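Inspection log for the structure reproduced underneath, given as structure tokens.
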2 protein chains.
Amino acid sequence: MEKREKINHRDTVCAVDYAFQRIGGKHKGRLIYHLSKGTLRYGELGRRITGITPKMLTQVLRELEEDGLVKRHVYLEVPPRVEYSLTPSGMELVPFIVLLADWGRAKMNKEGLACEN
Amino acid sequence: MEKREKINHRDTVCAVDYAFQRIGGKHKGRLIYHLSKGTLRYGELGRRITGITPKMLTQVLRELEEDGLVKRHVYLEVPPRVEYSLTPSGMELVPFIVLLADWGRAKMNKEGLACEN
DNA sequence: AAAGGTACTTTCTGATTAGATACTATTATT
DNA sequence: AATAATAGTATCTAATCAGAAAGTACCTTT
């Protein structure tokens, strides 16, 4: 096959890629899914998203924040309180995440797998 | 934060994860997008999906085939001809990929980025 | 003075994903 | 006999992603 130009991370010309770069990855989908039901604190998110480490949770939240999908609200209290919620741009993704979840659930049922949501 | 169990690849209980494990990754979205417009041969796909190497193209196609999203049809000819198309299950994803592409395109426009599709 | 609660950060390590580059097989064509 | 076309494979390396485990910072309660 002839040689083709390589594309760099977040330097694409394809809308599908652009979207996957922003909401793909191991935890982002689930995170948006949980936030779609309402504002959550850091620790609450950590408990809902099984298998994520604090480091990854922070990292993923920062990326989503940077991409304008998640809003971070810090309360100047002790002990600290930080709440996360979807921005309008993030909320636009909800129907789509729901569709995806429906598809996944249906396939899981067909394959006889248990599904937690 | 307390310790949490880790989940293994493709061993999840969350529908959103399940779905992302199947259609996430660097090239799968674009691939499904292109196949949604009709059957394509290996080389045609390779030319449309800029930046993919033959190795990755084969790998991604095999994974999608294994997950029942893509059908592979080999013609016993020389030079060889292999055609790829979406299965019914894969087609169920199309509206969703389109939604995602729309979202991405809108965001790209807002950011002043050029978009090839 | 010690422990506890919350939201992280840091460092080191391991796993996964992706890439470059070259090679294979088959037959028709030149 | 060399070339071309198609659909890949093989091997090695590089980049990215993710994880474990421990540490930080702050104030309150015991």
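Order of the sequence lines sets the chain letters (A, B, ...), proteins ahead of strands, with each chain counted from 1. Keep in mind that the numbers below use all heavy atoms, side chains included, and drop hydrogens, waters and symmetry copies. On a predicted model such as this, the values are computed, not experimentally measured, just so you know.
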Round to a whole Å and report the spacing from [atom1] of [X] to [atom2] of [N].
X: Arg30(A); N: dA18(D); atom1: CZ; atom2: P; result: 11 Å
X: Arg62(B); N: dA7(D); atom1: CZ; atom2: P; result: 12 Å
X: Met56(B); N: dG8(D); atom1: CE; atom2: C1'; result: 15 Å
X: Glu77(B); N: dT26(C); atom1: CD; atom2: P; result: 16 Å

Query raised in the report: Think Arg81(B) forms a cation-pi with Tyr75(B), using NZ or CZ under 6.0 Å from the six-ring centre and within 45 degrees of its axis?
Result: yes

Query raised in the report: Could Arg22(B) and Tyr18(B) be counted as a cation-pi pair, given that NZ or CZ must be under 6.0 Å from the ring centre and within 45° of the axis?
Result: yes

Query raised in the report: Is any side-chain heavy atom of Tyr33(B) less than 4.5 Å from a side-chain heavy atom of Leu100(B)?
Result: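 With C-beta onward as the side chain, the pair stays apart.
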
Given [options], the nucleotide with the shortest approach to the side chain of [X]:
X: Tyr42(B); options: dC8(C), dG19(C), dG8(D); value: dG8(D)
X: Val82(A); options: dC8(C), dG8(D), dA7(D); value: dC8(C)
X: Thr58(A); options: dT9(C), dT6(D), dC12(D); value: dT9(C)
X: Pro80(A); options: dA7(C), dA7(D), dA20(C); value: dA7(C)
X: Val78(B); options: dG19(C), dG5(C), dT26(C); value: dT26(C)

**Report entry** 5′-ward residue of the pair Lys55(B)/Glu44(B) relative to DNA chain D
**Finding:** Glu44(B)

Query raised in the report: For dA7(D), does OP1 or OP2 lie under 4.0 Å from any side-chain N or O of Arg41(B)?
Result: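 Yes.
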
Query raised in the report: In terms of side-chain heavy atoms, does Thr50(A) have a donor or acceptor partner in Arg30(A) at a distance below 3.5 Å?
Result: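 Per modelled atom types, Thr50(A) and Arg30(A) side chains form a pair under 3.5 Å.
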
Query raised in the report: Hey, does Tyr84(B) reach any base, or is it just sugar-phosphate, or nothing, if we go heavy atoms under 4.0 Å?
Result: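 If one applies the 4.0 Å heavy-atom cut-off, Tyr84(B) turns out to touch the sugar-phosphate alone, with no base involved.
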
